[in-house]
Structure formats: structure tokens, C-alpha cells
Amino acid sequence: MTKICISIVAETVESIYEKTKTALRLADLVEVRLDHVRDIKKEDIIKILVKSPENIIVACRSISCGGNYGGDEESRMALLFEAIERGAGYIDIEIESSKQDVMEIISKAKERKTKIILSHHDFKKTPKFNELQKSYDEMNSFQPDMIKIATFAESINDCFKIFELLKGKENFIAIAMGVRGWMTRILAQKYGSAITYASLEPGNASAPGQITFDELVNLYDFKGQNKDTKVLGVIGEHAENSKSKFLHNPNFRRLGLNYVYFPMKVRPSELAEFMHNFRMLGFAGSAVTVPHKEKIVDFIDGLDETAEKIGATNTLVVREEKILGFNTDYIGALEALKEKTSLQSKKALVIGAGGAARAIIYALKKEGCEITIVNRTLDKAKALAEEFETDCDEISELRQLIRKSDIIINTTSVGMNQNPEESLVPEEFFTGKQIVMDIVYNPIETKLIRYARIRGCQTITGDRMLMYQAIGQFKHWTGKNLDIDQINEDAKKLLE
Ligand code: ATR
């Protein structure tokens, strides 16, 4: 079983003690980072290790090892020796310390039943697999109780090196740091890391990419996971902003399904390798978001009829080792629009010409709308208009086009929280008679939606489409229908 360790970073002894007390009530282990405590002295150790010292990992990283301890090596070692004296359950010491110090601390710890975690951190990159294995072998030659390797994930594909490294090893902790390494923290149980680290509260992480204990346990149900847990995620360039994890995970738990769903942050240049790994590791499926909805088709085994017609997929499902693409954006957009309006013979203006636009145009067309497409890159709008037999126009004509339209839909990612102050439509372009829908849901009230509201338009926020398309995805992955009232409740929470 993987142990959960809350890592504590604080500047005073009192604060580290208080936080440790709280963390001990929650987690299996607590790591105290002495290096962040101002002017830490040997005498302070006893004040920190008052409660359950056997469940406490003491670490004191020097600046050269990515920590905050500015004192000399002798005083740093003295703090660690004192922690052993005071009954600390574990000491984390870096392999970069002197060989003699490492050997001394290991033999001292043995006398006191303290366990030694010999660690190596690389805050810049994840080296090649062979180099990681070499680091492991070097550390293993000291015969510590545990070995820890934490590297920085420059790409999500670095996570797969970590999983490979974990294979067949016991008492080994391996983590990829940073948002691109999230998977190694969330799936630590499935792939056999001895410990996964979490922070006590948001903004208090001791390493990049550390998620909170609350998120790990209550959202990703870490304690309920095991080797058989089926892996799902959302593949996107900015997937960390996705909120769909709040819709899917609670419902797996409510229905007793052994699945976990989390953001998979993938750059376009990493997609081919990522999909290879996805296949090799037997992931169960995924959602697909900006900007991969079209390109990902090159790396899967087939599309269902609707996704084929749309030419984009937002849902992958693995069946009999084949990765199949579906499209639930189309039904999600329709359901969201139908909450506010009928569609037959309405004039709809679609802004954008990417994968999401394709699904929405397909939906509008099916319902009998007259469609005009505008896009930053006119050629893409033209190509789409030709394919779906609709009109297109120059984005410079936006004002006139909006006046003539009943429904306006932004299908681009403009207004998402990397650029929340942007709107492709200025406020004065809306006349109040349009129904305005944005597919961006983070933030819920985008600038576009705000402008539309100010001008008296009816609006449809992105969470409505998110919710309806998620219902379709859930069915594809699990075969189960979601309770609509329940998911409405879940979606409402996204607004809080
Ligand atoms: P997806 O497949 O998820 O819809 P995409 O294919 O990258 O993602 O499509 C993104 C859409 O948003 C495109 O229409 C894009 O316009 P271009 O075709 O000109 O690239 C549009 N888009 C993205 N950023 C934009 C911006 N800053 N201004 C205007 N349009 C933008």
C-alpha cells in the first residue's frame, strides 16, 4: 500500500508544530522540512517531534539540493542526528551529501530504528531511463531503507519513465514534479510508489506540482485506488484548467466504479508519444480538448459515424485494445442551446473553425439552422463552410453579422483563464436580441458572456455544454447513465 505523506513547509517552529499536528490526523506520514524554518536550532527538534514522531519524516535540504537551508553541512547533519535522537520515524537525506555523512547517518539510524530515505531530486528535468536506473543503483548500494527519486517533468511523457522505473522495486518512491508530472502523484498506488506526497493546503506545496491532500483523497479517491483502477483523463494543452474532474470523479465513487480521471497536460509536439504510452499502459479512455480534437484522430484506431462526419473527437474509449473516438460535444452543445431556444430556421453565427466548431456546426445543421462561420484564419472558415455547406465571412464583418444573427457561439478558447480579459466580440456589437453561448467555462462568466449580459442578451455559459457532453462521455466509458439532477448539482458547484 502506498502511504500518503503530507509535506509541511513553515517558517516558524510553532507553525510547523501546529501544521504537523493537523497533518498527522489526516495522513499516514508527515514530512517536516526543517530547511524552511527560520534560524532552526537543534533544540527546536524536540518541539517539532512531540506527537507521533514515528510517523514523521525529517528533511533538511540545502540550497544546492533545491532546499532552503543556508547553514553549513556540519550543522545540517547535526539537525538530522538530533532528529534521530528524538525518535523521528524517518530521515530523508540526499545522495548529494558526502558519502561519509550518508554512511554515518544510516548506521546511526539503525541503532534507533529510524528509517533512512536516501533521495535524489532533479528540479530541472527527468533524465533518460538508463540514467535514472543508474541513480537508483548507486543509492541502492548504500542499502538504505527506502530510495526516493523526484525529477521535474518537462513533458507528461516523463511520467512513463517514472512508471517504468518503479516496476519490480520495493520501498521505492518515484515522482515526477510539476503539473506535467501530476499523474505520478495521482497514480502512485497503481504503479507502486511507496509514498505519494501531498500538501496540507493550497499554496503550501513543498515541491512543484504537489497537489493537496484533500484533492488527492477526496477528489481522486486515492485510498480507494488499487492496481486495477482504470485510468481516464482529459488530454489538452491547458488541461490543468479543466473542471471536468469535478464532474466525473464524484460519480465514479457514487456508483462504486473503480476509475480515476485527471488532467493530462499534453503539448501538440508530445501527442504522438503520449498516445503511444497511453496505449502501452492500457488506459481506459479520455476526454480530448483544445487543441487536440482533430489531430488526435491520427493516433487512434477508428471513429464512430458521428465523430467521422464531424472530423473531430472529444472522447476516446478503449475497447478490446482498440482506441475509438466518439463525439459528445455535438450533443452537449445541442442540449445546452435547447435549454434556452429552439433551433429550427434560426440564424447562427459560429466564431472559430477548430474541432469544437466542427461539432457545433454539425449539431446546428442537423437542427435546421442557417449558419455563418467567422474565424481569425479565413481560409479555415472557408474550408469548413465548404465541407458543411454553410456560409462564411470575414471577421472584420463581425458587427453586421451579429446584428443579423439570432444565436452567437464562441467556439474558440479566447477568454479562457490564461487570457480572461479577452473577448473576440466588443460589447457594443451586441444589440440585446441575440442568444450568446460561450464554450469556455473557466471562468464561467467570460468577458464575452459579461458583455452580452450587459447588453441584455440571453446567455448560455460553457458549464452547460460541459455538463451535457460529460454525461455522454460517462456513458461511453462506463456504460452507466448519470443522474441528471445529481450532475446538475455537481455542475452548480463549479460556479462557486
Ligand atoms: P479545438 O480543436 O479544441 O477547437 P483548435 O483546433 O486549436 O481547438 O481551434 C481553436 C479555434 O480557436 C480556431 O478557430 C482558432 O483560430 P485559427 O483557426 O485562426 O487558429 C481560434 N483561436 C484560438 N486563439 C485565437 C485568438 N487568440 N484569436 C482568434 N481566434 C483564436
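Start at 1 and go down the list; that is how both ligands and their atoms are numbered.
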N/O donor-acceptor pairs under 3.5 Å from side chains in residues 387-395, not counting sequence neighbours:
unit_1: Glu387; atom_1: OE1; unit_2: Arg358; atom_2: NH2; d: 2.8
unit_1: Glu387; atom_1: OE2; unit_2: Arg358; atom_2: NH2; d: 2.4

Q) For Ser423, what residues pass the side-chain contact (heavy atoms from CB on, under 4.5 Å) criterion, not counting sequence neighbours? A) Val425, Lys447, Leu448, Tyr451
Q) Which of parallel (below 30°), tilted (30 to 60°) and perpendicular (above 60°) describes Phe252 and Tyr261? A) tilted
Q: Say whether Asn481 and Lys475, considering side chains only, have a donor N or O and an acceptor N or O under 3.5 Å apart.
A: yes
(Q) Would you say Tyr468 and Glu339 are linked by a side-chain donor-acceptor pair, where the criterion is simply a distance under 3.5 Å? (A) yes
Q: List, ordered by chain and residue number, the protein residues whose closest non-hydrogen atom lies under 4.0 Å from any atom of ligand 1.
A: Val290, Pro291, Lys293, Glu294, Gly352, Ala353, Gly354, Gly355, Ala356, Asn375, Arg376, Thr377, Lys380, Thr412, Val414, Leu424
Q | For Ala357, side-chain contact (heavy atoms from CB on, under 4.5 Å) partners two or more places apart | A | Val350, Ile361, Leu384, Thr411
